[in-house]
*Asks:* 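One structure, as structure tokens, below. Some questions next.
Computed from a predicted structure; not experimentally measured.
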Amino acid sequence: MEQSPLRSANVLANALTDKLATDPEAVQQLKDNPQQIKTLAADAVLRSDAEEKRVADRTGVTIDGSVYKIVVKTLGLSVVLAVGSIAGIAAYTIYMHGDAKDLRVVIPDGLVGLASTAIGALAGLLTPVSRG
């Protein structure tokens, strides 16, 4: 995880102000041993990184490749089933009324909408994203 210098600086500032507020001899101790500031800074970085990780774990859902694959396969299956259903309806209608002069194949609008939406979603997921 990348360190956040601003957050680390805030944690360090809070640690220093707490130390100065609670310990009256803290200023003299820091003057005598400036290495304490480096120790506090290192501790601040560790604490802020741990807090960032906790927040990310609570709020973010890590999306790995398996979720993406499941979504793509589901959309692909939806497209195949919808197009297959449209072809089946057309074939059945032609088989039953093939000798009619003005043959009309009626495809439900919802099925056409489902197929179109699934194809569009699949195209959107498979399109490469440029990061630039």
Side-chain angles (χ1 to χ4, degrees):
M1 175 176 286
E2 214 175 289
Q3 291 182 0
S4 175
L6 184 59
R7 184 181 298 258
S8 300
N10 288 339
V11 173
L12 175 60
N14 290 339
L16 280 174
T17 53
D18 290 345
K19 184 174 180 76
L20 293 173
T22 58
D23 188 5
E25 297 174 3
V27 175
Q28 189 58 40
Q29 289 173 357
L30 291 174
K31 280 183 186 178
D32 295 340
N33 187 5
Q35 190 66 23
Q36 282 184 351
I37 294 177
K38 288 183 181 178
T39 305
L40 287 172
D43 182 51
V45 168
L46 291 176
R47 285 194 313 188
S48 76
D49 286 350
E51 178 63 23
E52 282 183 20
K53 185 175 181 332
R54 261 195 310 277
V55 168
D57 288 345
R58 270 193 319 234
T59 59
V61 175
T62 25
I63 298 178
D64 58 353
S66 62
V67 173
Y68 180 79
K69 288 176 187 175
I70 290 170
V71 170
V72 169
K73 287 177 183 178
T74 304
L75 285 171
L77 182 64
S78 298
V79 168
V80 169
L81 289 176
V83 171
S85 298
I86 291 171
I89 291 171
Y92 178 76
T93 304
I94 291 171
Y95 175 74
M96 294 303 287
H97 308 288
D99 57 350
K101 289 189 178 207
D102 58 344
L103 180 65
R104 288 181 166 217
V105 178
V106 179
I107 306 293
D109 291 338
L111 190 57
V112 174
L114 175 69
S116 300
T117 303
I119 290 171
L122 196 57
L125 280 174
L126 296 176
T127 303
V129 178
S130 64
R131 308 243 185 233

*Asks:* To the closest 0.5 Å, what do you measure between CG (Leu81) and CD1 (Ile86)?
*Replies:* 11.5 Å
*Asks:* Sequence neighbours excluded, which residues qualify as side-chain contact (heavy atoms from CB on, under 4.5 Å) partners of Asp23?
*Replies:* Glu25, Ala26, Gln29
*Asks:* Between Tyr68 and Leu125, is there a donor-acceptor pair closer than 3.5 Å when you use the side chain of the first and the backbone of the second?
*Replies:* yes
*Asks:* Measure across Leu75 and Ala121 and return the closest heavy-atom pair with its distance rounded to 0.1 Å.
*Replies:* CD1-CB, 3.7 Å
*Asks:* Of all heavy-atom pairs between Thr74 and Ile70, which one has the smallest distance, and what is that distance?
*Replies:* OG1-O, 2.7 Å
*Asks:* Using the side-chain contact (heavy atoms from CB on, under 4.5 Å) definition, which of the options Leu111, Ile94, Val106 pairs with Ile89?
*Replies:* Leu111
*Asks:* Indicate if Leu77 and Leu114 have the same hydrophobic cluster label, given that clusters are the connected sets of ILVMFWY residues with side-chain heavy-atom separations under 4.5 angstrom.
*Replies:* no
*Asks:* Show the nearest heavy-atom pair for residues Ala118 and Val79, with the distance to one decimal.
*Replies:* CB-CG2, 3.5 Å
*Asks:* Would you find more than 12 non-hydrogen atoms of other residues, nucleotides or ligands less than 6.0 Å from Asp109 atom CG?
*Replies:* no
